[in-house]
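Please read through the structure below; I'll follow up with questions.
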Amino acid sequence: MTISTDTVDAVAAACRDRLGDPSAWVASDAYRQSLALCIIESVQSTSGHSEVTVVDRYLAYRKAREDKPVTDGARELLRTFEEAGSSDQWAGKIGSYKRRYTATGVPIEAHHIQQVAEKLHYLQINSVEDLLSAADSDNALDAVHHAWVDACGDGSEVTWAHLLMLAGIPHTDLGTAADTFISATLGTTELPGDTSEILAATAEQLGVDPDRLDYAIRRWLSVHGRTLQHVA
């Protein structure tokens, strides 16, 4: 199906307005260098559009201790729990680093983050490279999947899909964010074409890769999703 120029123009304009200059968008490369960041964002992604904030706080905590790019794996993530003392303390000291934390606010899934890191470390999945290697074997990836579901419980399939996408594992579908963004932009739930086609056409107009655009949309929704109806 050919996507109309009006549709692409409208979505591209919304992207420029809401996401800012594409040259300033945060790339997914940092996640593909750090399994810890993939775990934190994925597990946190079902808790009130808070994953970006928790990832940013973790990055701030780690960079305050080591002034270099964060490439933490599962073991390094577990070490931060050891430094904090417990998952509850991790939520306050690291998940909300230099921010006020209250237990009545949006929950930080520290316990599940710790459980996932423990189970993946046990399976010797300590880096994104290890996860990519597991993806080459159905049995190995199934074992990781089962461990993930066991650790995360409710919503685990959503967070699992998020993990695979962040890690760069192909054949994963996480179009919900793009669907939400485009639907709100166009003011309709009946999109005039396939989401991936609209995304690709918009990305071409903006001069970026579709994956980079999709990632920018997800990060924007993580912060602004609750008030999207007010800016559509």
Side-chain angles (χ1 to χ4, degrees), residues 1-32 37-56 106 109 128 131-132 135 145 148 152 154-232:
M1 178 184 292
T2 301
I3 308 301
S4 73
T5 301
D6 287 346
T7 294
V8 176
D9 287 348
V11 178
C15 289
R16 293 188 184 97
D17 180 52
R18 299 172 192 170
L19 310 181
D21 185 342
S23 66
W25 293 353
V26 176
S28 60
D29 295 352
Y31 287 79
R32 296 182 182 173
L37 300 186
C38 293
I39 291 171
I40 294 168
E41 174 160 322
S42 300
V43 174
Q44 193 66 34
S45 64
T46 58
S47 295
H49 306 294
S50 58
E51 64 266 32
V52 170
T53 299
V54 178
V55 167
D56 287 347
V106 174
E109 300 291 339
V128 172
L131 185 59
L132 292 172
H145 182 203
W148 185 276
C152 291
D154 292 343
S156 57
E157 292 304 328
V158 173
T159 59
W160 172 251
H162 201 117
L163 173 75
L164 297 183
M165 181 275 303
L166 288 177
I169 295 176
H171 309 303
T172 60
D173 180 16
L174 196 68
T176 303
D179 288 340
T180 300
F181 186 90
I182 295 170
S183 294
T185 297
L186 301 178
T188 177
T189 57
E190 298 294 329
L191 297 183
D194 182 75
T195 300
S196 62
E197 292 180 355
I198 297 174
L199 202 68
T202 303
E204 183 177 3
Q205 185 176 126
L206 294 172
V208 299
D209 184 83
D211 287 343
R212 188 175 176 88
L213 174 57
D214 181 60
Y215 183 69
I217 287 172
R218 285 186 294 100
R219 279 188 69 91
W220 187 87
L221 282 174
S222 292
V223 177
H224 302 283
R226 289 181 173 181
T227 57
L228 183 59
Q229 65 271 24
H230 300 304
V231 296

Could you tell me the separation between the CG atom of L37 and the OG atom of S42, rounded to the nearest 0.5 Å?
-> 10.0 Å
Residue list, side-chain hydrogen bond (donor to acceptor under 3.5 Å, both in side chains) with S183, at least two apart or on another chain | none
What pairs with T5 under side-chain hydrogen bond (donor to acceptor under 3.5 Å, both in side chains), at least two apart in sequence or on another chain?
-> none
Report the C-alpha distance between L213 and L19 in whole Å, list the side-chain angles of each, state the deciding distance to 0.1 Å, and finish with yes or no for side chain to side chain contact (heavy atoms under 4.5 Å, CB included).
-> CA-CA 9 Å; L213 174 57; L19 310 181; 4.0 Å; yes
d(I217 CD1, T180 OG1) to nearest 0.5 Å is 10.0 Å
Looking at H162 and E41, what are the two nearest heavy atoms and their distance?
-> NE2-OE2, 3.1 Å
For residues 198-206, which side-chain N or O atoms pair as donor and acceptor with protein atoms under 3.5 Å away, sequence neighbours left out?
residue : atom : partner : partner atom : Å
T202    : OG1  : I198    : O            : 2.8
Q205    : NE2  : D9      : OD1          : 3.1

Looking at G193 and I3, what are the two nearest heavy atoms and their distance?
-> CA-CD1, 3.9 Å
Taking atom CG of L164 and atom OG1 of T159, what is their separation to the nearest 0.5 Å?
-> 9.5 Å
R16 side chain to D21 backbone, donor-acceptor under 3.5 Å | no
W25 side-chain N/O to G20 backbone N/O, donor-acceptor pair under 3.5 Å = yes
Smallest separation among heavy atoms of L163 and C38, with atom names | CD1-CB, 3.8 Å
Looking only at heavy atoms, what is the nearest atom pair of L131 and A167, with distance?
-> CD2-CB, 3.8 Å
In terms of the angle between their ring planes, are W160 and H145 parallel, tilted or perpendicular, with boundaries placed at 30° and 60°?
-> parallel
With sequence neighbours excluded, residues passing side-chain contact (heavy atoms from CB on, under 4.5 Å) with S4 | D6, T7
Do T195 and F181 have side chains that get closer than 4.5 Å, going by heavy atoms?
-> no
Nearest atoms (heavy-atom pairs only) where T185 meets V11 = CG2-CA, 4.0 Å
For D209, side-chain contact (heavy atoms from CB on, under 4.5 Å) partners two or more places apart = D211, R212
Tightest non-hydrogen contact, residues V55 and Y31, listed as CG1-OH, 3.3 Å
